[in-house]
Amino acid sequence: MSQIIVSGEKKLEGTVRISGAKNAALPILAATVMIDEPVVIRNVPELRDINTMLSILQKIGKKVTFEHGVVQIEPGEILLGNVPYDLVGKMRASFNLFGPLVMACGWARVGKPGGCNIGQRPVDYHVEGLKRFGLKIVEEHGDVFGEIPAEFDSHVEYELPFKSVGATEQLMTTASLMEDSEIVIKNAAEEPEIVDLQNFLNKAGANVSGAGTDTIRIRGVKKLHGSEYSVIPDRIEAGTYLLAGVITRGNVIVENVIPDHLKALLDTLKKMGAEVTVSDNTVRVEVLNKLKPVKVSAEPYPGFPTDLQPIITAVLSTIEGDSIVEELVFENRFGYVDEMNRMGAHIKVKDRRAHIKGTRKLSGAEISAPDIRAAAALVIAGMAAEGETIVHNAGHIFRGYEKLKEKFNSIGAYLRVYPDEE
Ligand code: EPZ
């Protein structure tokens with residue numbers, strides 16, 4: 001069980017270089033199973049979730065190397081359509097391999113992922129959409145089994161019941177190899193990671209358009225070919241460092257970012273009274289005046305990202321006055337609130353809303369992190385608190401933040417990690 005020990009009352013000042021986006025790299029890596037030529041993906045962050053995906057790719061037959069942020073994938077002798085539950089159970093995003101593997105092997109059997117600490121997280125939209133596209137799918141013994149049909153319909157439309165990021169990615173990737181079929185996904189998620197996946201697929205010869213809007217159109221092609229691609233910067237990592245700058249009333253610059261992807265966060269920071277300066281690929285946030293409480297609603301993009309919801313809650317708990325944070329994506333993403341209250345925050349959750357009574361100072365405590373973004377929230381809360389904070393069960397954080405200790409400590413934090421994961 002890893003622990004992060006955070007020294008409090010630090011003021012963060014300096015520049016952090018942002019890594020490639022985990023949540024863009026994962027679906028792109030999943031899509032590579034449909035390509036039986038060499039593929040090179042650059043700007044891939046060295047993280048636990050990425051390593052899990054790469055080891056699955058190796059287990060099902062791909063030849064994979066990963067060095068200095070560059071993943072090279074080559075076809076092996078065979079490609080297996082089987083991804084057992086012990087691998088999917090480690091990381092839900094591995095279910096994104098299902099549709100691509102059916103298209104690549106003619107069939108696939110993938111363990112059905114269970115719930116997790118932020119909610120139930122079913123895959124019914126993935127399965128329902130793929131069935132509409134013509135795949136024959138049955139669920140048996142905890143697995144999802146799928147087969148390719150004799151032929152695909154020439155035109156299919158599917159409207160997602162909710163703007164699911166994973167289902168949009170799964171459906172657009174799978175459809176790109178449904179030769180001669182035109183597929184339209186409505187109420188699609190619009191996240192930048194989906195645009196990045198479209199760009200990757202098109203570079204490999206697919207014909208996908210509309211990503212970044214709520215309607216995505218795919219004209220299936222016969223084959224995808226090898227290509228080179230570089231993943232976009234991680235907007236959630238960038239947001240985390242900016243919010244750490246704010247909670248410590250510091251002055252932080254993130255570089256190598258696409259500021260447009262951070263718009264909802266930057267608008268919120270401006271409303272709170274922070275100074276925000278944007279240039280081509282950097283954003284600076286500085287606290288010069290007293291900060292104000294705000295109301296934030298975590299929603300699908302372009303709304304405020306749910307992945308920053310625990311982190312903005314930590315910041316608002318240090319701003320005097322009443323703030324509200326609403327969570328409209330996951331039903332159970334406030335699991336960290338009791339831990340934050342142990343640090344002296346005053347947060348009450350009712351009906352997917354956190355009511356926060358801001359207090360000037362949090363106090364360091366021993367706490368436990370329920371998931372990746374909650375871990376980040378508790379770590380940055382510790383930086384602003386009086387005394388020392390010990391975050392138990394902190395290993396989650398290494399699923400999503402590359403060189404976390406090194407980056408934070410280079411701008412004035414003092415984190416110690418046991419056992420050292422970096
Ligand atoms: C992606 O998860 C991200 N993960 C999550 O990031 C992120 O929080 C989430 O999108 C929302 O932005 C990756 O990209 C690997 P969803 P995903 O499908 O795709 C419900 C992080 O911290 N739903 O958009 O799994 C679901 O339960 C992680 O880096 C169904 O009901 O999220 C949820 O309430 C955590 N049925 C909502 O939709 C389905 O078939 C949105 O989930 C699919 C989803």
Side-chain angles (χ1 to χ4, degrees), residues 19-31 45 47-50 52-53 56 88 90-99 110 112-132 137 139 144 158-173 185 187-197 214 231-232 234-240 261 264-265 297-311 327-336 352 369-377 396-402:
S19 302
K22 161 181 88 83
N23 289 347
L26 287 171
I28 288 176
L29 291 171
L47 297 170
R48 238 190 234 179
D49 278 8
I50 297 291
T52 303
M53 178 61 88
I56 296 176
V88 182
K90 274 194 185 165
M91 180 185 69
R92 296 178 48 83
S94 31
F95 191 71
N96 269 43
L97 286 161
F98 177 70
V110 177
K112 188 175 174 179
C116 73
N117 290 343
I118 59 174
Q120 266 198 319
R121 305 189 74 185
V123 288
D124 50 338
Y125 309 156
H126 299 235
V127 170
E128 183 54 34
L130 292 173
K131 279 185 179 165
R132 281 295 176 84
I137 300 180
E139 294 182 33
V144 186
Y158 175 63
E159 179 164 345
L160 282 162
F162 184 86
K163 286 174 163 299
S164 156
V165 174
T168 302
E169 291 163 347
Q170 168 101 261
L171 296 176
M172 71 192 258
T173 305
I185 306 168
N187 198 30
E190 300 174 33
E191 270 70 0
E193 292 75 18
I194 289 166
V195 178
D196 210 34
L197 177 61
D214 66 357
V231 170
I232 52 168
D234 195 317
R235 63 195 169 98
I236 305 301
E237 186 198 15
T240 304
H261 294 174
L265 170 66
S297 183
E299 306 172 4
Y301 192 85
F304 190 92
T306 170
D307 291 345
L308 291 178
Q309 178 266 100
I311 305 166
E327 169 61 58
L328 298 179
V329 179
F330 291 106
E331 84 267 21
N332 189 22
R333 211 173 190 175
F334 286 116
Y336 60 90
R352 286 189 164 205
D371 66 81
I372 150 181
R373 307 301 171 187
H396 296 294
I397 208 164
F398 301 105
R399 299 180 56 186
Y401 293 90
E402 188 180 43

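Everything numeric in this text was worked out from a predicted model, so none of it was measured. For reference, positions follow the sequence shown, starting with 1. Order of appearance sets the numbers: ligands from 1, and atoms from 1 within every ligand.
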Kindly compute the distance separating [atom1] ([X]) from [atom2] ([Y]), expressed to the nearest 0.5 Å.
X: Arg48; Y: Arg399; atom1: CZ; atom2: CZ; answer: 8.5 Å
X: Leu26; Y: Glu169; atom1: CG; atom2: CD; answer: 9.0 Å
X: Met53; Y: Met91; atom1: CE; atom2: CE; answer: 4.5 Å
X: Glu128; Y: Tyr158; atom1: CD; atom2: OH; answer: 5.0 Å

Test of understanding: given a 4.0 Å heavy-atom threshold, classify the contact between [X] and ligand 1 as side chain, backbone, both, or neither.
X: Arg373; value: side chain
X: Glu169; value: neither
X: Tyr125; value: both
X: Asp307; value: side chain

Please indicate whether any nitrogen or oxygen in [X] is less than 3.5 Å from any nitrogen or oxygen in ligand 1.
X: Ile372; value: no
X: Val329; value: yes
X: Ala167; value: no
X: Glu331; value: no
X: Pro122; value: yes
X: Thr306; value: no
X: Arg92; value: no

Out of curiosity, is Ala189 lining ligand 1, as in a heavy atom under 4.0 Å away?
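Heavy atoms of Ala189 never come under 4.0 Å of ligand 1.
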Is the closest heavy atom of His396 to ligand 1 under 4.0 Å?
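So His396 does not count as touching ligand 1.
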Nearest neighbour in protein (non-hydrogen) for [atom]:
atom: atom 3 (C) of ligand 1; answer: Asn23 ND2, 3.7 Å
atom: atom 35 (C) of ligand 1; answer: Arg333 NH2, 3.7 Å
atom: atom 38 (O) of ligand 1; answer: Phe162 CD2, 3.6 Å
atom: atom 2 (O) of ligand 1; answer: Arg121 NH2, 3.3 Å
atom: atom 36 (N) of ligand 1; answer: Asp124 OD1, 2.7 Å
atom: atom 18 (O) of ligand 1; answer: Ser164 OG, 2.6 Å
atom: atom 26 (C) of ligand 1; answer: Phe330 CE2, 4.2 Å

Would you please indicate if the ring centroids of Phe95 and His126 are separated by under 6.0 Å?
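Yes, ring centres under 6.0 Å apart.
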Does any non-hydrogen side-chain atom of Val123 lie less than 4.5 Å from one of Arg92?
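In contact.
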A side-chain contact here means heavy atoms from C-beta on lying under 4.5 Å apart; do Pro305 and Ile236 qualify?
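The answer is yes; the side chains approach within 4.5 Å.
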What atoms of ligand 1 come closer than 4.0 angstrom to any heavy atom of [X]?
X: His126; answer: 40 (O)
X: Lys22; answer: 21 (C), 29 (O)
X: Gly166; answer: 18 (O), 19 (O)

Which heavy atom in [X] sits nearest to a heavy atom in [Y], and how many Å separate them?
X: Ile311; Y: Asp307; answer: CD1-O, 3.8 Å
X: Ile50; Y: Lys22; answer: CD1-O, 4.3 Å
X: Glu402; Y: Leu47; answer: N-CD2, 3.3 Å

Among Asp49, Val165, Asn332, which residue places a heavy atom closest to atom 1 (C) of ligand 1?
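That would be Val165.
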Is there a donor-acceptor contact under 3.5 Å from the side chain of Glu237 to the main chain of Tyr401?
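No.
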Might you work through the side chain to side chain contact (heavy atoms under 4.5 Å, CB included) test for Glu190 and Asp214, ending with a clear yes or no?
CA-CA 6 Å; Glu190 300 174 33; Asp214 66 357; 3.5 Å; yes
Step by step, work out the side chain to side chain contact (heavy atoms under 4.5 Å, CB included) result for Ile372 and Ile397.
CA-CA 5 Å; Ile372 150 181; Ile397 208 164; 5.7 Å; no
Before giving the answer on side chain to side chain contact (heavy atoms under 4.5 Å, CB included), spell out for Ser94 and Thr52 the whole-Å C-alpha distance, their side-chain angles and the decisive distance to 0.1 Å.
CA-CA 8 Å; Ser94 31; Thr52 303; 5.6 Å; no
